[in-house]
Amino acid sequence: MSEVFECEIQARLRDVNLGGHVDNVEAIRILDEARILFFRYAELQPPAGDRLGLLGGLPDGVVELVGSQRVDYHAEMRFAAYTSFRVRLWVTRVGRSSFTVASQLRVAADHAPAIVAETSCVLWDHRTNASWAMTEEVRATLQRYAGEPVGLR
């Protein structure tokens with residue numbers, strides 16, 4: 001595998017449902033927050049463009065939209081105060097105007113993934129109201145994080 005992005009997302013009380021474990025909707029929120037950090041705020045070396053994040057080289061007006069998301073839950077996630085979830089992300093496919101990101105969410109560094117997911121994103125140009133064909137620079141940045149798909153059931 002090439003490079004991966006790793007981050008920690010703080011567990012919050014609102015993540016817990018009546019059963020005492022992290023709700024599946026909140027688990028998706030945690031994955032989404034990690035993906036936003038990767039795309040827009042990660043301090044990557046070398047930088048993707050003038051801005052931070054994997055998509056720092058996108059022109060103004062071009063954004064990423066989620067086209068599809070597939071999630072497998074492998075283990076229960078219980079709330080523990082003052083702990084963070086650990087998320088790893090990488091790119092599994094790069095197309096003309098879309099790409100797929102794999103995610104693994106762990107409750108501790110030494111645990112197997114509690115959740116694995118694949119999210120397909122489309123680059124969308126708000127000026128033309130159409131998908132945006134990637135430049136070679138954007139494609140090269142995405143390919144720095146190329147890896148195998150996660151094992152979905």
Side-chain angles (χ1 to χ4, degrees), residues 1-16 22-73 77 79-111 113-150:
M1 183 181 299
S2 301
E3 298 180 54
V4 297
F5 174 74
E6 297 184 81
C7 65
E8 294 185 5
I9 305 293
Q10 178 67 46
R12 300 184 298 195
L13 284 172
R14 77 175 221 172
D15 298 337
V16 180
V22 175
D23 185 81
N24 64 310
V25 172
E26 293 303 322
I28 298 287
R29 181 201 57 78
I30 294 164
L31 292 174
D32 188 50
E33 191 172 324
R35 196 173 56 252
I36 290 168
L37 289 174
F38 184 31
F39 288 176
R40 298 293 176 178
Y41 301 104
E43 293 186 24
L44 307 178
Q45 295 299 324
D50 295 337
R51 294 168 280 187
L52 296 174
L54 184 69
L55 300 179
L58 294 181
D60 289 337
V62 175
V63 298
E64 75 282 351
L65 301 176
V66 172
S68 68
Q69 189 164 28
R70 174 105 188 270
V71 180
D72 283 353
Y73 300 89
M77 296 170 30
F79 175 78
Y82 308 110
T83 61
S84 297
F85 298 111
R86 288 147 179 87
V87 186
R88 293 174 55 115
L89 300 104
W90 64 94
V91 175
T92 61
R93 183 192 63 80
V94 178
R96 186 188 71 79
S97 62
S98 66
F99 60 99
T100 303
V101 174
S103 307
Q104 294 178 334
L105 188 151
R106 290 177 164 76
V107 295
D110 60 343
H111 284 66
I115 296 174
V116 295
E118 284 195 340
T119 306
S120 294
C121 297
V122 177
L123 297 176
W124 188 259
D125 188 338
H126 282 293
R127 293 173 306 230
T128 63
N129 284 321
S131 60
W132 181 78
M134 288 181 218
T135 62
E136 286 306 314
E137 292 80 16
V138 169
R139 182 178 304 284
T141 300
L142 289 169
Q143 289 174 335
R144 281 180 32 210
Y145 289 85
E148 295 297 315
V150 292

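Position 1 is the first residue of the sequence, and the numbers go up from there.
- Side-chain contact check for R70 and S120: no donor-acceptor pair (N or O, by modelled atom type) lies under 3.5 Å.
- F85 has its side chain within reach of V107: a pair of non-hydrogen atoms, C-beta onward, lies under 4.5 Å apart.
- Taken to the nearest 0.5 Å, the CE atom of M134 stands 8.5 Å off from the CG atom of L55.
- Considering every non-hydrogen atom in both G53 and L44, the closest pair reads C-CD1, 3.6 Å.
- One finds the CD1 atom of I9 at 9.0 Å from the CG atom of L31 (value rounded to the nearest 0.5 Å).
- Note that the CD atom of Q104 and the CG atom of L89 stand 9.0 Å from one another [nearest 0.5 Å].
- You'll find the side chain of E33 stays beyond 4.5 Å of the side chain of C7, heavy atoms only.
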**Request:** Please assess L58 against T135 for the test side chain to side chain contact (heavy atoms under 4.5 Å, CB included), listing each intermediate value before the final yes or no.
**Result:** CA-CA 9 Å; L58 294 181; T135 62; over 6 Å; no
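- Pairing each heavy atom of V122 with each of S131, the nearest pair is CG1-CB, 4.2 Å.
- R106 is listed as a side-chain neighbour of R88, based on a closest heavy-atom distance under 4.5 Å.
- Under the 3.5 Å distance criterion, the side-chain polar atoms of Q10 are matched with a main-chain donor or acceptor of T83.
- A donor-acceptor pair is defined here as one N or O able to donate and one able to accept, closer than 3.5 Å; no such pair exists between the side chain of R93 and the backbone of P149.
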**Message:** Set out, in order, the CA-CA distance, both residues' side-chain angles and the distance that settles side chain to side chain contact (heavy atoms under 4.5 Å, CB included) for Q69 and D32, then state yes or no.
**Reply:** CA-CA 10 Å; Q69 189 164 28; D32 188 50; over 6 Å; no
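- Summarising the geometry of A27 relative to Y73, their closest heavy-atom pair is CB-CE2, 4.1 Å, with the distance given to 0.1 Å.
- Annotation for G95 and R139: closest pair O-NH1, 2.9 Å, computed over non-hydrogen atoms.
- In terms of modelled atom types and a separation under 3.5 Å, the side chain of T141 and the main chain of E137 share a donor-acceptor contact.
- With S2 contributing its side chain and A146 its backbone, the two residues share a donor-acceptor pair below 3.5 Å.
- Side-chain contact check for V87 versus F38: every heavy-atom pair is 4.5 Å or farther apart.
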**Asked** Is there a side chain to side chain contact (heavy atoms under 4.5 Å, CB included) between Q143 and V91 once you walk through the steps?
**Response** CA-CA 7 Å; Q143 289 174 335; V91 175; over 6 Å; no
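- Put simply, the side chain of R40 reaches to within 4.5 Å of the side chain of E64, judged on heavy atoms.
- Within the 4.5 Å cutoff, no side-chain heavy atoms of D23 are placed close to those of R29.
- Nearest heavy-atom pair across R144 and Q45 is NH2-O, 3.1 Å.
- Proximity of the aromatic rings of F99 and F39 is defined here by a centroid distance below 6.0 angstrom, and this criterion is met.
- Using a 4.5 Å cut-off on side-chain heavy atoms (C-beta onward), F5 and L54 make no contact.
- Listed here is the closest heavy atom pair of L52 and A42: CB-O, 3.6 Å.
- Residue W132 forms a side-chain contact (heavy atoms from CB on, under 4.5 Å) with just one option from P59, S97, S98, and that option is P59.
- Side-chain contact between D15 and M77 is absent, with no heavy atoms from C-beta onward closer than 4.5 Å.
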